[in-house]
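One-based numbering along the sequence shown. One-based numbering, in listed order, for ligands and for the atoms of each.
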Amino acid sequence: MRFDWHNPVKVLFGEGRIADLAAEIPPGVRILVLSGGGSIRTNGVYDQVAAALAGRDWSEFSGIGANPEYAVLMRAVERVRREGFGFLLAVGGGSVLDGTKFVAAAAPFAGEPWDICAVGAPVAAAVPLGAVLTLPATGSEMNGASVVSHAALGEKRHFISPLVLPRFAVLDPATTRSLPARQVGNGIVDAWVHVCEQYLVHRDGTTVQDRQAEALLLALRDLAPRVVADRGDAGALAGMMWAATNALNGLIGVGVAQDWATHMIGHELTALTGMDHARTLAVVLPALLRHRATVKGPRLLQYAERIWDLRDGSPAERIEAAIARTEALFRSVGVPTRLSDHGIGPDIADRIAGRLAGRGGMGEDGGIDAAAVRAILRAAA
Ligand code: NZQ
Ligand code: ZN
């Protein structure tokens, strides 16, 4: 096993920490605050940010919707270029954070910025950014990834660059009290699947990473019913926020093969149907695990025993029971596990298999080809 581990994101965790953010932004710089569709105006987060930035030179750009849209983000890019903002502050969920990362990379980019996502055009510079997270789910607050949608092209693509790692991330669990049930459920599923795509992967010599991943899964399993039932449970909200951040800040994945096929297939589902990100994952992951039960067999047996306490029955029975428990968890937080639950017919399988055919095999061993994508999505019908 060989790896580099360097995560420079400074985390300011805890209730009231928004008040501390101005000290993290260089003095004298023009600040652009980017946000979504308005949740921060009704839950008090905007007022806290405005108070923290009192006396600073700042302006705002709102309206970054879920699955942040290229055309909207390019309007922010124009403003950054025209008005010379030197620091971007994202305030919201993963979509606002991802959108801000794209703006940060696109503003100094010489060519067509969509190429950053579409063909992996290298990011040579980015406007520095910080984040105030209001939705525990994506881990975007502590990683260098961004996922952007391009409606005119029918695409949803990602890019990764250390230059768009937030300089700091404010994680105040109290900001999540206002989350609707749908977003709470989505966040639990997204974080769960992030862990699974780094943990349910054939590998050896990763005892530490295994136990860290299992700690997150057990925490999410135990916290899920608490946050679903009561957004006044401060301890549960705090645990959820920290778990989701740790699920995708790189630590549990150091030195291990990873399998992001569920996410890649999920992004295609969102591009074609508009489904919420986490809802695509809840449909794809169980079907993918069943399809790959042989390759992932030892890992699935470990998952069955350590996460779901399943020790009886044949290996095949234990694996199936663990996948069924996973589906039950997703449904228990209000997230369906079948395409038909979303009114989507089985013909989507051929369309997505065709779209992914040119991108090479996915999965930890490259074994998920177009035929496998088709079979997985048909099984998820
Ligand atoms: O837009 P506003 O009004 O802010 O409302 C949002 C939005 O409607 C609302 N919301 C957020 N915080 C709230 C709140 N409502 C009430 N109270 C609060 N405290 O929630 C809705 C969904 O927000 P969104 O940001 O879209 O959700 P999420 O955080 O799940 O982000 C999803 C996006 O992140 C990408 C996904 O593909 C998707 O585009 N991902 C990013 C990743 C990364 N950067 O590492 C990894 C993930 O796998 C994922 O792909
Ligand atoms: Zn995700």
Side-chain angles (χ1 to χ4, degrees), residues 9 18 33-46 48-49 62-70 72-73 90-102 117 129 131-150 155-161 164-166 169 171-198 227 231 237 240-241 244-245 247-250 253 258 260-271 274-282 284-285 335:
V9 181
I18 293 173
V33 175
L34 298 97
S35 64
S39 67
I40 65 166
R41 296 210 173 248
T42 49
N43 64 9
V45 170
Y46 179 87
Q48 292 181 61
V49 171
S62 61
I64 298 177
N67 307 310
E69 165 56 32
Y70 167 80
V72 174
L73 301 175
V91 185
S95 293
V96 172
L97 272 58
D98 282 13
T100 300
K101 290 174 177 178
F102 180 76
C117 302
L129 64 114
V132 177
L133 182 72
T134 65
L135 201 178
T138 64
S140 185
E141 62 277 10
M142 211 176 165
N143 69 41
S146 163
V147 193
V148 179
S149 294
H150 194 312
E155 298 269 8
K156 179 173 183 179
R157 304 293 288 264
H158 75 280
F159 77 98
I160 300 174
S161 167
V164 298
L165 277 162
L171 273 54
D172 177 348
T175 65
T176 69
R177 278 191 212 123
S178 58
L179 281 172
R182 182 187 184 103
Q183 301 305 337
V184 172
N186 282 355
I188 293 163
V189 169
D190 196 17
W192 189 276
V193 177
H194 292 160
V195 179
C196 287
E197 294 206 273
Q198 297 164 88
V227 291
R231 238 82 81 233
L237 294 182
M240 187 60 65
M241 197 164 222
T245 298
L248 200 51
N249 67 1
Q258 303 185 9
W260 291 99
T262 295
H263 269 69
M264 293 306 112
I265 299 169
H267 290 341
E268 295 302 312
L269 272 171
T270 298
M275 279 171 72
D276 292 356
H277 171 62
R279 290 170 177 249
T280 69
L281 307 178
V284 176
L285 182 77
V335 180

Checklist entry - Are any of the heavy atoms in Pro180 under 4.0 Å away from ligand 1? => result yes
Checklist entry - Touching ligand 1 at all, Asp190? Heavy atoms, strictly under 4.0 Å? => result yes
Checklist entry - If you take all heavy atoms of Val45 and Thr175, which pair is closest and at what distance? => result CG2-CG2, 3.7 Å
Checklist entry - Tell me: protein heavy atom nearest atom 12 (N) of ligand 1, and distance? => result Thr134 OG1, 2.8 Å
Checklist entry - In the protein, what heavy atom is nearest to atom 35 (C) of ligand 1, and what distance, to one decimal place, separates them? => result Asp98 OD2, 3.5 Å
Checklist entry - Quick one: does His158 get a heavy atom under 4.0 Å from ligand 1? => result no
Next on the checklist: Testing the 3.5 Å rule here: is there a donor-acceptor pair between the side chains of Asn67 and Ser149?
Outcome noted: no
Checklist entry - By salt bridge (charged side-chain N to carboxylate O under 4.0 Å, His left out), which residues pair with Glu197, not counting sequence neighbours? => result none
Checklist entry - Has Arg177 got any heavy atom lying under 4.0 angstrom from an atom of ligand 1? => result no
Item to check | Contact check, Ile40 vs ligand 1, heavy-atom distance below 4.0 Å | outcome: no
Next on the checklist: As a quick check of understanding, evaluate side chain to side chain contact (heavy atoms under 4.5 Å, CB included) for Leu34 and Ile64, giving each step before the final call.
Outcome noted: CA-CA 8 Å; Leu34 298 97; Ile64 298 177; 4.0 Å; yes
Checklist entry - Counting N and O atoms only, with roles assigned by atom type, does the side chain of Asn143 sit under 3.5 Å from a partner on the main chain of Leu248, one being a donor and the other an acceptor? => result yes
Checklist outcome for this item: Per-atom filter on ligand 1: closer than 4.0 angstrom to a heavy atom of Gly36 are 1 (O)
Next on the checklist: Counting non-hydrogen protein atoms only, what is the nearest one to atom 17 (N) of ligand 1? Give residue, atom name and distance.
Outcome noted: Ser178 OG, 2.7 Å
Item to check | For atom 45 (O) of ligand 1, the protein heavy atom that lies nearest, with its residue and separation | outcome: Asn143 ND2, 2.9 Å
Item to check | Where Ser35 and Ile40 come nearest, the two heavy atoms and their spacing | outcome: CB-CD1, 3.5 Å
Checklist entry - atom 32 (C) of ligand 1: which of Ala90, Gly139, Ser95 has the nearest heavy atom? => result Ser95
Checklist entry - Does the side chain of Arg279 come within less than 4.5 Å of Arg182's, by heavy atoms? => result yes
Checklist outcome for this item: Here the Zn ion (ligand 2) sees protein N, O or S atoms within less than 2.8 Å, and their number is 4
Checklist outcome for this item: Taking every heavy atom of Ser95 against every heavy atom of Pro68, the minimum-distance pair comes out as O-CG, 3.4 Å
Checklist entry - Would you say Gly92 touches ligand 1, if touching means a heavy atom closer than 4.0 Å? => result no
Checklist outcome for this item: For Val164 and Leu129, the nearest pair of non-hydrogen atoms, with its separation, is O-CD2, 3.7 Å
Checklist entry - What is the nearest protein non-hydrogen atom to atom 7 (C) of ligand 1, stated with its residue, atom name and distance? => result Gln183 NE2, 4.7 Å
Item to check | Under-4.0 Å heavy-atom contact between protein and atom 50 (O) of ligand 1 | outcome: yes
Checklist entry - Got the closest protein heavy atom to atom 2 (P) of ligand 1, with its distance? => result Gly37 N, 3.3 Å
Checklist entry - Quick one: nearest non-hydrogen protein atom to atom 23 (O) of ligand 1, plus distance? => result Leu135 CD1, 3.4 Å
Next on the checklist: Heavy atom to atom 5 (O) of ligand 1, shortest distance: which of Gly94, Gly187, Ser39 holds it?
Outcome noted: Ser39
Item to check | Close side-chain approach of Asp190 and His263, heavy atoms under 4.5 Å | outcome: yes
Checklist entry - Less than 4.5 Å apart, any side-chain heavy atom of Met240 and any of Ile188? => result yes
Next on the checklist: Which residue and atom name correspond to the protein heavy atom nearest atom 13 (C) of ligand 1, and how close is it?
Outcome noted: Leu179 CD2, 3.3 Å
Item to check | Non-hydrogen side-chain atoms of Cys196 and Leu285 separated by less than 4.5 Å | outcome: yes
Checklist entry - How does Thr138 reach ligand 1, if at all, at less than 4.0 Å between non-hydrogen atoms: by side chain, backbone, both, or neither? => result both
Item to check | Sub-4.5 Å side-chain heavy-atom contact between Ser140 and Val147 | outcome: no
Checklist entry - So, for Ala271 and Lys156, which heavy atoms are closest and what is the spacing to 0.1 Å? => result CB-N, 3.9 Å
Checklist outcome for this item: So for Asn186 against ligand 1, with non-hydrogen atoms under 4.0 Å, the contacting part is neither
Checklist entry - What part of Leu248, side chain, backbone, both or neither, has a heavy atom within less than 4.0 angstrom of ligand 1? => result side chain
Checklist entry - Within a strict 4.5 Å, meaning less than it, do heavy atoms of the His277 and His267 side chains meet? => result yes
Next on the checklist: Do Leu135 and Leu179 have side chains that approach each other closer than 4.5 Å (heavy atoms only, starting at C-beta)?
Outcome noted: yes
